[in-house]
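All values reported here derive from a predicted model rather than from experimental measurement. Quick note: numbers below take in every heavy atom, side chains included, and nothing from hydrogens, waters or symmetry partners.
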Amino acid sequence: MSRIGKLPVNLPAGVTAQLLDGNVVKVKGPLGEMSQKVDPDITVTIEGTEIKFARPTDLPRHRSMHGLYRALVHNLVVGVSEGFTITQEFVGVGYRVDVQGQMITMSLGYSHSIQILLPSEVKAEAPQVKKGENPRLVLKSCDKQLVGQIAAKIRTFREPEPYKGKGIKYAGEQLRRKAGKTASAK
């Protein structure tokens with residue numbers, strides 16, 4: 001039995017779930033409404049404040065989907081009740097980030113600034129930082145996959161390098177640093 005798949009998904013207060021035709025789970029909460037299509041082989045049951053998942057056989061395909069769909073529905077429940085937040089730090093001299101509505105403008109040491117238009121489901125803010133601190137970008141959404149994908153896309157513009165640690169990194173991320181070259185001693 002899948003360790004993840006056998007755990008029920010608990011619905012917090014203020015969150016409701018429905019099972020629609022075609023094995024689609026629809027979750028509604030204070031932050032929004034989302035749905036996830038579940039493979040027809042996986043049986044979904046909603047009992048009170050719990051969503052349970054069952055698989056028909058122990059075939060590798062059924063075992064892998066059992067935990068996958070339970071995790072996806074759990075992410076929906078957490079998303080519509082609490083939401084997901086990703087914080088990124090811009091480490092480097094002259095690196096800046098500015099948010100105006102759904103448009104993010106970044107200055108990352110190139111000859112031009114980079115602009116990204118965010119989808120309406122994602123909210124961004126660039127809090128004011130004290131002098132000497134790195135600029136930060138905070139992305140919030142109820143869709144975990146979407147906010148993670150956007151954060152990964154932003155990170156690709158300047159990935160952290162291992163020698164000085166410059167680049168766009170996630171807050172709290174520990175970078176693996178390299179020593180670099182040393183002068184030869186004679």
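Annotation: ring pair (Phe, Tyr, Trp, His ring centres under 6.0 Å) contacts involving residues 68-104, sequence neighbours excluded, are absent.
Residues Val44 and Val77 share a single hydrophobic cluster, defined by chaining ILVMFWY side chains whose heavy atoms lie under 4.5 Å apart. Val138 and Ile114 fall into different hydrophobic clusters, where Ile, Leu, Val, Met, Phe, Trp and Tyr residues are linked whenever their side-chain heavy atoms come under 4.5 Å apart, directly or through other members. No continuous path of ILVMFWY side-chain contacts below 4.5 Å connects Ile86 to Val80, so the two sit in separate hydrophobic clusters. Taken together through direct or relayed side-chain contacts under 4.5 Å among Ile, Leu, Val, Met, Phe, Trp and Tyr, Leu31 and Val9 form parts of separate hydrophobic clusters. Neither Val129 nor Ile154 shares a network with the other; the hydrophobic side chains, linked directly or stepwise wherever heavy atoms of I, L, V, M, F, W or Y lie under 4.5 Å apart, form separate groups for each.
Within 6.0 Å of CD in Glu133 there are more than 12 heavy atoms belonging to other residues, nucleotides or ligands. Counting heavy-atom neighbours within 6.0 Å of Glu161 CD, excluding the residue itself, gives a total above 12. Within a 6.0 Å sphere centred on NZ of Lys37, other residues, nucleotides and ligands contribute more than 12 heavy atoms. Other residues, nucleotides and ligands contribute over 12 non-hydrogen atoms within 6.0 Å of the NZ atom of Lys169. Within 6.0 Å of atom CD in Gln145, 12 or fewer heavy atoms from other residues, nucleotides or ligands are found, so the atom counts as exposed in its surroundings.
A salt bridge links Arg136 with Glu89; the closest basic N to acidic carboxylate O contact falls under 4.0 Å. Taking a cutoff of 4.0 Å between a charged side-chain nitrogen and a carboxylate oxygen, Lys140 and Glu82 do not qualify as a salt bridge.
Rounded to the nearest 0.5 angstrom, Lys28 NZ and Thr16 OG1 are separated by 6.0 Å. Atom NE2 of His66 and atom CZ of Arg70 lie 9.5 Å apart (nearest 0.5 Å). Residue Lys6 holds its NZ atom at 16.0 Å from CZ of Phe53, rounded to the nearest 0.5 Å. Put simply, OG1 on Thr85 and NZ on Lys144 are 12.0 Å apart, with the number rounded to the nearest 0.5 Å. The CG atom of Asp39 sits 9.5 Å away from atom OG of Ser64, with the distance rounded to the nearest 0.5 Å. For the atom pair NZ (Lys26) and CD1 (Ile46), the distance works out to 12.0 Å, reported to the nearest 0.5 Å.
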Evaluate Val24 against Gln36 for side chain to side chain contact (heavy atoms under 4.5 Å, CB included), listing each step before the verdict. CA-CA 6 Å; Val24 175; Gln36 173 67 46; over 6 Å; no

Run the side chain to side chain contact (heavy atoms under 4.5 Å, CB included) test on Arg158 and Lys166 for me, step by step, so that the C-alpha distance in whole Å, both residues' side-chain angles and the decisive distance to 0.1 Å come before the verdict. CA-CA 8 Å; Arg158 277 284 191 204; Lys166 289 173 51 174; over 6 Å; no

Show your reasoning for whether side chain to side chain contact (heavy atoms under 4.5 Å, CB included) applies to Met65 and Ile42. CA-CA 8 Å; Met65 288 190 307; Ile42 303 298; 4.2 Å; yes

Test side chain to side chain contact (heavy atoms under 4.5 Å, CB included) on Ser141 and Lys123 and set out the steps. CA-CA 6 Å; Ser141 178; Lys123 304 293 179 225; over 6 Å; no

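Shown here for Pro30 and Val15, the closest heavy-atom pair between the two residues is CD-CG2, 4.3 Å. Between Met34 and Leu76 the shortest heavy-atom distance is CE-CD2, 3.5 Å. When all heavy atoms are compared, the tightest approach of Pro162 to Arg176 is CB-O, 3.6 Å. Minimum interatomic distance between Leu118 and Ala124 (heavy atoms only, all atoms of both residues): CD1-CB, 3.5 Å.
For the pair Ile168 and Leu108, the minimum side-chain heavy-atom distance is below 4.5 Å. Looking at Pro160 and Val91, their side chains never come closer than 4.5 Å, going by heavy atoms from C-beta outward. Proximity of Leu146 to Pro119: side-chain heavy atoms (C-beta onward) are separated by under 4.5 Å at one or more points. Two residues are said to be in side-chain contact when any heavy atoms from C-beta on lie closer than 4.5 Å; Leu68 and Leu72 meet this criterion. For the pair Ile150/Leu139, a side-chain contact is recorded, criterion being any heavy-atom separation below 4.5 Å from C-beta on. For the pair Val25 and Leu19, the minimum side-chain heavy-atom distance is below 4.5 Å. Put simply, the side chain of Leu137 does not reach to within 4.5 Å of the side chain of Thr87, judged on heavy atoms. Within the 4.5 Å cutoff, the side chain of Pro8 has no heavy atoms near those of the Ile51 side chain.
Under the salt bridge (Lys or Arg N to Asp or Glu O under 4.0 Å) rule, Asp41 has a single partner from Arg63, Arg55, Arg61, which is Arg61. Results of the side-chain contact (heavy atoms from CB on, under 4.5 Å) test with Gln115 over Met103, Met106, Gln100 single out Met103 as the only residue that passes.
A distance-only check finds no donor-acceptor pair linking the side chain of Glu121 to the backbone of Asp143 [under 3.5 Å]. Judged by distance alone, the side chain of Arg96 and the main-chain N or O of Ser107 form no donor-acceptor pair under 3.5 Å.
The ring-ring contact (aromatic ring centres under 6.0 Å, His included) search around Tyr110 returns His112, not counting sequence neighbours.
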